Amino acid sequence: MKLRHINLTLDDNYFYLNEDDRNLCDSFDFQCAFINDYITRNVRKLKYETKHDFVFLEILLSPHIQADKKVIPFPHDKAIDVYVPFDRQYYEREKDNPDCHFYLDMIREGIVTLNEFTPLPVEGIFAIMDEFVAGGCVNEWVYKKKRFKEHDLQIVLRCEFTRDYFQVRLIANSITKKEKLTEGIFLRTEPNPFAFSGLYSDIELVGDKLVLGRTLYNLFYMIKVDD
């Protein structure tokens, strides 16, 4: 099995005991979702075959960790958990730092700990994280490009994922003139993958309107194309 997901989160078995801690969990997940997404999308390019039949690596932060339970494999779920100590006071001081070092340090510690249990592409994962930092901790990518030659039109959907929001920017270019015609944000949600998953898919031209479909629920965004 190939490693396909790396996710940093708080141990909800510990933090979901009261409402204040549940709010902490939600806030934490929003803060680092764009980092998890960047690492996950790029780690898939490594096509690394895991030795213990897991595709999902979850790094759980907890203030209480038993020495013999730092790593827990769940082969039936194709997942493996690794526990890393969590210092809440340090987190509160550093959580908004633009270099994201708190989250990245926790991921590094989790990777090193798990690598003692099962081999991981440590250098490859760390290189992805280094590239993320070198790029200013920005997670942006082109989701799709589509050309409509009869309208001299190229449509680009660009995803922009930050600690504050996820949004999709639509850019319209002239094919022949090779210049931008217009651009704008057509979708924006909270920084939660569950909030935007499936909200955008293909780009179609129906009459004089661009249709950006959400096929799962038959929801469509329609944008008029002016001559």
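Sequence positions, counted from 1, serve as the residue numbers for this chain. All heavy atoms count here, side chains included; hydrogens, waters and symmetry mates do not. Values in this document were obtained by computation on a predicted structure and should not be read as measured data.
- When side chains are defined from C-beta on, Glu109 counts as touching Pro85, because their heavy atoms get closer than 4.5 Å.
- Cluster partners of Val156, by chain and number: Val142, Ile171. The rule joins Ile, Leu, Val, Met, Phe, Trp and Tyr whenever side-chain heavy atoms lie under 4.5 Å apart.
- Taking both residues in full, the closest heavy atoms of Phe34 and Cys137 are given as CE1-O, 3.4 Å, listed atom of the first, atom of the second, then distance.
- Interatomic distance, Tyr38 OH to Phe132 CZ, rounded to the nearest 0.5 Å: 7.5 Å.
- Here Arg4 contributes atom CZ and Lys47 contributes atom NZ; the two are 10.5 Å apart, rounded to the nearest 0.5 Å.
- Going from atom CD1 of Ile80 over to atom CG of Leu120 covers 8.0 Å, rounded to the nearest 0.5 Å.
- In terms of the salt bridge (Lys or Arg N to Asp or Glu O under 4.0 Å) criterion, Asp81 has no residue partners (sequence neighbours excluded).
- Under the salt bridge (Lys or Arg N to Asp or Glu O under 4.0 Å) criterion, Arg188 pairs with no residue at all, not counting sequence neighbours.
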Query raised in the report: Hey, mind stepping through Thr9 and Leu60 against side-chain contact (heavy atoms from CB on, under 4.5 Å) and telling me if it holds?
Result: CA-CA 5 Å; Thr9 188; Leu60 298 166; 3.4 Å; yes
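- Within the model, atoms CZ of Arg41 and CG of Asn139 stand 4.5 Å from one another, a figure rounded to the nearest 0.5 Å.
- Environment of OH in Tyr90: crowded, with over 12 heavy atoms of neighbouring residues, nucleotides or ligands closer than 6.0 Å.
- Minimum interatomic distance between Pro191 and Asp164 (heavy atoms only, all atoms of both residues): CD-O, 3.4 Å.
- Residues satisfying the side chain to side chain contact (heavy atoms under 4.5 Å, CB included) test with Arg88, not counting sequence neighbours, are Asp20, Asp21, Leu24, Phe86, Glu92.
- Nearest heavy atoms, Ala172 versus Ile155: CB-CD1, 3.9 Å.
- Looking only at distances, a side-chain donor or acceptor of Thr40 sits under 3.5 Å from a matching main-chain atom of Ile6.
- The number of heavy atoms from other shown groups lying within 6.0 Å of CD (Gln89) does not exceed 12.
- Residues Val82 and Phe126 fall within the same hydrophobic cluster, defined by Ile, Leu, Val, Met, Phe, Trp and Tyr side chains chained together at heavy-atom separations under 4.5 Å.
- Side-chain contacts under 4.5 Å among hydrophobic residues (ILVMFWY), followed directly or transitively, place Tyr165 with no other residue at all.
- Listed by chain and number, the hydrophobic cluster partners of Val138 come to none, as no ILVMFWY side chain reaches under 4.5 Å of it.
- Listed here is the closest heavy atom pair of Pro119 and Tyr48: O-OH, 3.2 Å.
- In this structure, the salt bridge (Lys or Arg N to Asp or Glu O under 4.0 Å) partners of Lys146, at least two apart in sequence or on a different chain, are Asp202, Glu204.
- Under the side chain to side chain contact (heavy atoms under 4.5 Å, CB included) criterion, Thr176 pairs with Asp152, Ser174, sequence neighbours left out.
- Considering Lys178, Arg147, Gln154, Glu179 as possible partners of Asn173, the one that fulfils the side-chain contact (heavy atoms from CB on, under 4.5 Å) test is Gln154.
- In this structure, CD1 in Ile125 is found 6.0 Å from CG in Leu3, a value given to the nearest 0.5 Å.
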Kindly list each side-chain donor-acceptor pair under 3.5 angstrom involving residues 97-107, sequence neighbours excluded, with atom names and distances?
| residue | atom | partner | partner atom | Å |
| --- | --- | --- | --- | --- |
| Asn97 | OD1 | Asp99 | N | 3.1 |
| Asp99 | OD1 | His101 | N | 3.0 |
| His101 | NE2 | Glu94 | OE1 | 2.8 |
| Tyr103 | OH | Gln31 | OE1 | 3.2 |
| Tyr103 | OH | Lys95 | O | 3.0 |

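- Ile185 and Trp141 end up in different hydrophobic clusters when Ile, Leu, Val, Met, Phe, Trp and Tyr side chains are linked at under 4.5 Å.
- Although no hydrogens or angles enter the test, the distance criterion places no donor-acceptor pair under 3.5 Å between the side chain of Asp11 and the main chain of Ser62.
- Every residue meeting the salt bridge (Lys or Arg N to Asp or Glu O under 4.0 Å) condition with Arg169, not counting sequence neighbours, appears here in chain and number order: Glu160, Glu183.
- Sorted by first and then second residue, the salt bridge (charged side-chain N to carboxylate O under 4.0 Å, His left out) pairs with a member in residues 111-134 read Arg108-Asp130; sequence neighbours excluded.
- The side-chain contact (heavy atoms from CB on, under 4.5 Å) with Ile39 is formed by just one residue from the set Asp37, Asn36, Ile35; it is Ile35.
- Distance check: Leu153 CG to Ile175 CD1 gives 6.5 Å after rounding to the nearest 0.5 Å.
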**Report entry** Residues Phe54, Thr118; criterion side-chain contact (heavy atoms from CB on, under 4.5 Å); working and verdict
**Finding:** CA-CA 11 Å; Phe54 64 92; Thr118 185; 4.0 Å; yes
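- Taking the side chain to side chain donor-acceptor pair (under 3.5 Å) definition, one finds that Lys2 meets it with Glu49, sequence neighbours left out.
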